[in-house]
Amino acid sequence: MAGNSNTSVSTPLSVIIIGCGRVAEKHLKAISKLKGLELKAVVDVNPDSAKRLLGSVKGFADTKFYNDYKQAIDEVKPSIVSVTVPSGLHFQIAKYAMEHGCNLLLEKPMTMSVSEAREIFELSKKTGLKIAMGHIYRYLPIVGLVREDIAEGKYGKVTHGTIYVRWGHDEAYYSSAAWRGTWKSDGGALMNQTIHAIDLLVWLMGSEPEEASAMIARRLRNIEAEDLGMAVLRLENGSLAQIEGTTATIPSKHTAEFSVFCEKGQLSMGLDSGKPHISVYGIKPDGKTKKLNGYYIRKQFKTGGLFSYKCALNPHLGIYKDLFESISENRNPIADAYAGFSSVDTLLGIYKSAKEGHPVKLPLSDDFNSVDMTGFFD
Ligand SMILES: NC(=O)c1ccc[n+]([C@@H]2O[C@H](COP(=O)([O-])OP(=O)(O)OC[C@H]3O[C@@H](n4cnc5c(N)ncnc54)[C@H](O)[C@@H]3O)[C@@H](O)[C@H]2O)c1
């Protein structure tokens, strides 16, 4: 193997970023703030994008540039490959990188089909290489602590959960790159803007999806895929999860809201135009309701210090730190390869249900690919 899957880390881990577009800037900012990582090269088919990216953060202007990802992996032999290309290219690059011994920071969605996601997940199990998914919501402060308490039964039975992701994008966003909003390379509002929120909701609720019912629509945007999707999942523990994901809302008002309801407590948290908010309530043994925000804020500060709060502004900081530690401690990252596979399976189950007009069982028994949705709105 050309790369390196160190289990004990004393020198900085080498990183290359493949794809120098919008999200890559968040990656570069995170790498620039972490001592354990060293950016060795960037890759893009467009040299201007690489130049723009490297100019966006101080100190990276002289970083080596490649236009061919295979050459970059073969020559640099990095410990970590960050995959930030259009979603339809994730599978081929992730596979090549792992076959050459590299750990991955893989942007969401893991792949565009269930069989490809399964292959990447199996490859990571077989090789022991780590995959940290770009599922930013798992890295927001307090979320992990509340999840642990739900899992330990502190709040009793989970009844249901809801999310909405109203992440408005206008025509200029969709026409900024040919892959956006296409079934082959992106999918619509659910596959791009909502998949990591679905992942968070299911993770918080602590059970696996077993059935999906969904409808999708194209209301405002001139794209191939949906700009609005609504779905209901039934989880194995009997709870229900309700999902709304859309880009057909006002672009300057991005909001994402997560709520989980339990027998003895409830959590609501979200981002409103970039501002995080949270409210957690529990029922005390005497039956009175108690607001628990202060308890979780103090607990988070004790365990993660200021760093965990910085992740609210750039969750990729938390993802890179977690990936670094998961490699050195030989453990799974918080948003691991299974999260990548499972969220693709759920999302494609949602698309399949919308296409066929009836509920579908999860995990999907046959392969389903986002391109199987081609022509849905024709
Ligand atoms: N986790 C998050 O919060 C988050 C946010 C935004 C985007 N994303 C994901 O990141 C990925 C990229 O999204 P984006 O908005 O940055 O896209 P983008 O179009 O802005 O950037 C993609 C870049 O990849 C380059 N590219 C295309 N083909 C390539 C190839 N074969 N080799 C090397 N480079 C190539 C393009 O030239 C472009 O510069 C998508 O999968 C998206 O879903 C994740």
Test of understanding: clusters of I, L, V, M, F, W, Y form through side-chain heavy atoms closer than 4.5 Å, transitively. Do Ile150 and Ile283 belong to the same one?
no
Test side chain to side chain contact (heavy atoms under 4.5 Å, CB included) on Glu107 and Ser87 and set out the steps.
CA-CA 8 Å; Glu107 270 304 344; Ser87 307; over 6 Å; no
What do the steps show when you test Asn293 against Val280 for side chain to side chain contact (heavy atoms under 4.5 Å, CB included), and what is the final call?
CA-CA 6 Å; Asn293 288 17; Val280 191; 4.2 Å; yes
Can I get a per-line list of side-chain donor-acceptor pairs under 3.5 Å for residues 192-211, giving both atom names and the distance, sequence neighbours left out?
residue	atom	partner	partner atom	Å
Asn192	OD1	Lys108	NZ	2.9
Asn192	ND2	Asp186	OD1	2.9
Gln193	NE2	Tyr173	OH	3.4
Thr194	OG1	Ala189	O	2.8
Asp199	OD1	Arg138	NH2	2.8
Asp199	OD2	His135	ND1	3.0
Asp199	OD2	Arg138	NE	2.8
Ser207	OG	Glu236	N	3.2
Ser207	OG	Asn237	N	2.9
Glu208	OE1	Tyr338	OH	2.7

Does Met230 belong to the same Ile/Leu/Val/Met/Phe/Trp/Tyr cluster as Phe376, with side-chain heavy atoms less than 4.5 Å apart forming each link?
no
Indicate whether any N or O donor in one side chain lies under 3.5 Å from an N or O acceptor in the other, for Lys184 and Asn369.
no
Could you give the distance from NE2 (His27) to CG (Leu105), rounded to the nearest 0.5 Å?
5.5 Å
Does one hydrophobic cluster hold both Leu89 and Val43, with members joined at side-chain heavy-atom distances below 4.5 Å?
yes
Phe91 versus Ser113: any side-chain heavy-atom pair under 4.5 Å?
no
Kindly assign one of parallel, tilted or perpendicular to the pair Phe121 and Phe341, based on the angle between their ring planes and the thresholds 30° and 60°.
parallel
Identify the two heavy atoms, one from Ala312 and one from Leu140, that lie closest to each other, and give their separation to 0.1 Å.
CA-CD2, 4.0 Å
Would you say Lys154 has more than 12 foreign heavy atoms packed within less than 6.0 Å of its NZ?
yes
Decide, yes or no, whether a salt bridge links Lys126 with Glu122 under the criterion of side-chain N to carboxylate O below 4.0 Å.
no
Salt-bridge criterion met for Arg331 and Glu325 (N-O under 4.0 Å)
yes
So do His254 and His169 actually touch side chain to side chain, heavy atoms under 4.5 Å?
yes
Can you list, pair by pair, the side-chain donor-acceptor contacts under 3.5 Å of residues 48-64, counting residues two or more places apart and other chains?
residue	atom	partner	partner atom	Å
Ser49	OG	Asn46	ND2	3.3
Ser56	OG	Leu53	O	2.6
Thr63	OG1	Phe60	O	2.6

Would a single hydrophobic cluster contain both Ile31 and Phe307, if residues Ile, Leu, Val, Met, Phe, Trp and Tyr are joined by side-chain heavy-atom contacts under 4.5 Å?
yes
Starting from the C-alpha separation in whole Å, work towards a yes-or-no answer on side chain to side chain contact (heavy atoms under 4.5 Å, CB included) for Glu226 and Thr246.
CA-CA 8 Å; Glu226 84 286 358; Thr246 182; over 6 Å; no
Non-hydrogen side-chain atoms of Leu271 and Pro276 separated by less than 4.5 Å:
yes
Centroid separation Tyr137 to Phe258 less than 6.0 Å
yes
Establish, from distance only, whether the side-chain atoms of Tyr174 and Asp227 form a donor-acceptor pair under 3.5 Å.
no
Have a look at Ser353 and tell me which of Val360, Val232, Ile216 forms a side chain to side chain contact (heavy atoms under 4.5 Å, CB included) with it.
Val360
So Tyr66 and Glu75, side chain to side chain contact (heavy atoms under 4.5 Å, CB included) or not? Walk me through it.
CA-CA 10 Å; Tyr66 290 86; Glu75 285 183 18; 3.0 Å; yes
Does the gap between the ring centers of His316 and Tyr139 come in under 6.0 Å?
no
Taking the side chain as C-beta and beyond, is there a heavy-atom pair between Ser308 and Thr303 under 4.5 Å?
no
To the nearest 0.5 Å, what is the distance between CG on Leu28 and CD1 on Ile17?
5.0 Å
Side chains of Gln300 and Tyr309, donor plus acceptor under 3.5 Å
no
